[in-house]
Each structure stands twice: as structure tokens, then as C-alpha cells.
Number of protein chains: 2
Amino acid sequence: MPISLHLADDPPPERADAARNRHAVLAAALRLVDHCGVDAVSMDAVATEAGVGKGTLFRRFGSRQGLMAAVLNESETQWQAAVLSGPPPLGPGAPPMGRLLEFGHSRLHLNLTHAALIRAAGRAGARSYAAVSFSAMHVRYLLGELGVRGDIALLATSLLAPLEVPILEQQVNQEGISLARIEAAWDDLVRRVAV
Amino acid sequence: MPISLHLADDPPPERADAARNRHAVLAAALRLVDHCGVDAVSMDAVATEAGVGKGTLFRRFGSRQGLMAAVLNESETQWQAAVLSGPPPLGPGAPPMGRLLEFGHSRLHLNLTHAALIRAAGRAGARSYAAVSFSAMHVRYLLGELGVRGDIALLATSLLAPLEVPILEQQVNQEGISLARIEAAWDDLVRRVAV
DNA sequence: AATAGAAACGGACTGCAGTCCGGTTATGCC
DNA sequence: GGCATAACCGGACTGCAGTCCGTTTCTATT
């Protein structure tokens, strides 16, 4: 009596020790990142903290960027859930324009909060595919609801681009622009784009 | 009878051997980058090719990013000259909207052409300060000419953001979007923003 | 329960970015 | 022209990302 069946064999099932090690590595990485800051965490340190060999880290996560992307994914998943099914105006229930503006503010703050981690994750594995494509999909949907005409997909990209980490960090750290002003400018941009 | 006077002593004058070495390093780096591609060029290789020690490279350019930024700067300078004083519609003489659209297309192509170098230059020294601030300044100026109302500085940033390398590479390499479509979408964005 | 085979493990190994310090060379002054 | 000083030079050294391969551990089958 098998406890879990494995029907479509495309993804070969993960071995028990592999799963255990993956969780140990993720927990160790999260611990070290919280404690020392992203940039001070080396792969050797994570391996030692997790009690595994270095080869294991690279086998499971491919690279340092991949590991950081996996750590980042923990919080991104929560945020995505809040967008898809949390309370309005971020979640469903509010009018589309209200949701869109709230979405931008929320993403802006999240990008600044996780700036170092997002940078360390680079474009490996999860980020440029999970976070970016989720956000793009959601903005496309809201632009559709608003009845915006034109190349919705690229308009969505254009609205998300000014919220990217390097740009926000330039504005906040180099030019000393306040968050309130950035939010207001983004609201203005959205209103101009959304007819 | 001194050949060159040095009036304001704030920047202490560069020693002759230092200048010679800097040119040798830049020439060697450019040669190697053209020949092997940016990512295959190591600092040791540049030092050997230029016939100097590794310490010299790091003294003059600070980091690999700094060296790549210096290499990049050679072509950026040419482009800036074309924008400021070249033939219209990129240079002065054309109506502002025409210049703005041409500027975007030009920057888009340049960013894709130099994508690897721009990425390697990161946000060191020149890029996030020369190229970005030059572009921002120019777009602010054109938006002013167009009579656009609002937070011109941040609107300029918002227009430039979708032209950044990571976003263009995602669109072109991952999603297979054509350059023509990206150009058209940017034109559309500009027209929506510029009232 | 024993076994065969495949997948995962781990630590020694490589290559590169960046640092450091003793030696060298240019410049300003006498 | 000679000398003192400060800047520059260069290569050996460190630490980390990523690789490789012999060894161990799991799982399916009988």
C-alpha cells in the first residue's frame, strides 16, 4: 500500500535523503542570511552550517544565485498568495485601478526590502521566471480589466521596469528620492498609460 | 619653461608612466574583449597582454567592473556626442518628439549591442553615473520641450527603465519578442506619457 | 532479507577577483 | 646635477565560486 503514487514519471521522484538535505540547506542559508547579511554568506559557510558537502549545494541549486533564488522564493510565494487571494485592495475585490496602484506600492516596498537578496539571486532559476513572470501576468490581467488598448504585454513590462531593484536603489541611495515621491510618480505613470 | 601648467591642484597631475600604462591597459582590454568576448577576459590576461602587473590594473581601475566601465566609456562617449551634436533626428534640429523616439531606438540598439559589456561594467564608476545620468538628463530636457507636466525627472526614469539591458535581454532572448515590436511599444509608451 | 544499480554525497582541486607590501621610478627642490 | 619623497609598479598571497570523481546511501526487485 504505497503512501504516495507517482503517476507521470516525467519528474523523477526526489529521494528521501535529497529532500532532507535540501531542507537543511535552505534552513541553514536562511539562518546565515538573516544573521550575517546576504553578501557575507559563502557557499562553504552554508555547507558547513547545514552539515553537508559543498558538492551537494551545487548539485541541488546549481550556483550561488540559484541558492539565493530558492531562499528568496520562500517570501515571494507568500506575497504571490496575498496578491491572488489576500484582502483587497491588493487581493481580489477592489476595483482594478485600485488593485494596480496597490500592487505597485507593494512590489516597490518588497523590492527594496529584499534588494540585497534579489541582487544575489540575479537572473538564476526563480527570479527572472517566477517573480517577474508572475508580476507581468498579474499586471497584464489588470490592464485588461481596465480596458486598456494596445500591446498589453509590453505595456505591463514598461510599468514594472521602473520598480526593478537597480533603478529603485539608484533613486533612493544615490539621489535621495523619497519613497512617497516614487510612489506618486508611479501612480502618475499608471494613470497616463491606462488611458 | 613648463610645457603644461597645472593650475587647480585638486586633482594631482597624472605621472607620465601612469598615463602610458593606463592607455596600454585600455588598448589591451579592448583587444581581448573584441577577440575573446567579455566574459572570457580575465584580469590576469589583460595584465599580461598589456605588459603590466596585476596590482597596476586594480590601482587604476579599482575592479574588473571599473575596467570594463572604462572600456565601455570609449563607445558611450561617441554616442553621447552624436546625441548632443550629431545629425537629426537623433541630434538637434528635429522636433522634440521625433528626437525622443529616435533616442529611444538608438539607446535600445546600443544596449543590446553592448549588453555583455554593460553587464560586466555593472554599476561601477561610469555606467550608473555617466550613461544613466546623461540619458536621464537628455530625456528630461526633451520632455520639458514637449511641455509635459508632472514629475519630469521620475517620468524620464520611467521611460528609460524598459530600455535597460536585463529587461531587453529577457524580452529578446527568453520571450523571442522582435525588436520592431519593442520599438513600437516604446513609441506607444512615450506618446501616452507625453500627453 | 539480500542484491544490483542508480542517484546522491563530500571534500580535494582549479581558476579568478581582489589585496598587500617590498622594490622602483618619476617629480620637486636645492 | 643630485637628493628626498611620494607615487607607482608588480607579483606572490588569500578567499570564494564552481568542478570532479571515488565512495556512500537509497530504492526497486526478487
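Atom set for the values below is all heavy atoms of this structure, side chains included, hydrogens, waters and symmetry mates excluded. The chains referred to below are lettered A, B, ... by the order of the sequence lines, with proteins before strands, and numbering in each begins at 1.
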Checklist entry - Closest nucleotide of DNA chain D for Ala19(B) versus for Asp44(A): which of these residues is on the 5' side? => result Ala19(B)
Checklist entry - When the ring planes of Tyr141(A) and His138(A) are compared, do they come out parallel, tilted or perpendicular, using 30° and 60° as the limits? => result tilted
Checklist entry - Between Asn21(B) and dC8(D), does any side-chain N or O lie under 4.0 Å from OP1 or OP2? => result no
Checklist entry - To the nearest Å, how far apart are Met43(B) CE and dT19(C) C1'? => result 13 Å
Checklist entry - Do Phe103(A) and Trp79(A) have ring centroids that are under 6.0 Å from one another? => result yes
Item to check | Nearest-angstrom distance from the residue atom CG of Leu57(B) to P of dT19(C) | outcome: 13 Å
Checklist entry - Contact class for Arg59(A) vs. all strands (heavy atom < 4.0 Å): base, sugar-phosphate, or nothing? => result base
Checklist entry - Are OP1 or OP2 of dA8(C) and a side-chain N or O of Thr56(A) less than 4.0 angstrom apart? => result no
Checklist outcome for this item: Among dC16(C), dA17(D), dG18(C), the one nearest any side-chain atom of Arg64(B) is dG18(C)
Item to check | Pair Glu76(A) + Arg107(A), salt bridge at N-O below 4.0 Å | outcome: yes
Item to check | Rounded distance in Å - CZ (Phe58(A)) to P (dT14(C)) | outcome: 17 Å
Checklist outcome for this item: Here the pair of heavy atoms bringing Arg99(B) nearest to Gly91(B) is NE-O, 3.0 Å
Checklist entry - Which comes earlier along DNA chain C counting from the 5' end, the contact point of Gly55(B) or that of Arg60(A), where each point is its nearest nucleotide? => result Arg60(A)
Checklist outcome for this item: Atom CZ of Arg20(A) and atom C1' of dC26(D) are separated, to the nearest Å, by 10 Å
Checklist entry - What is the distance from CG of Asp39(B) to C1' of dG18(D), rounded to the nearest Å? => result 15 Å
Item to check | Candidates dA17(D), dG11(D), dG10(D) - which lies nearest the side chain of Lys54(B) | outcome: dG11(D)
Checklist entry - Atom CZ of Phe61(A) to atom P of dA8(C): distance rounded to whole Å? => result 13 Å
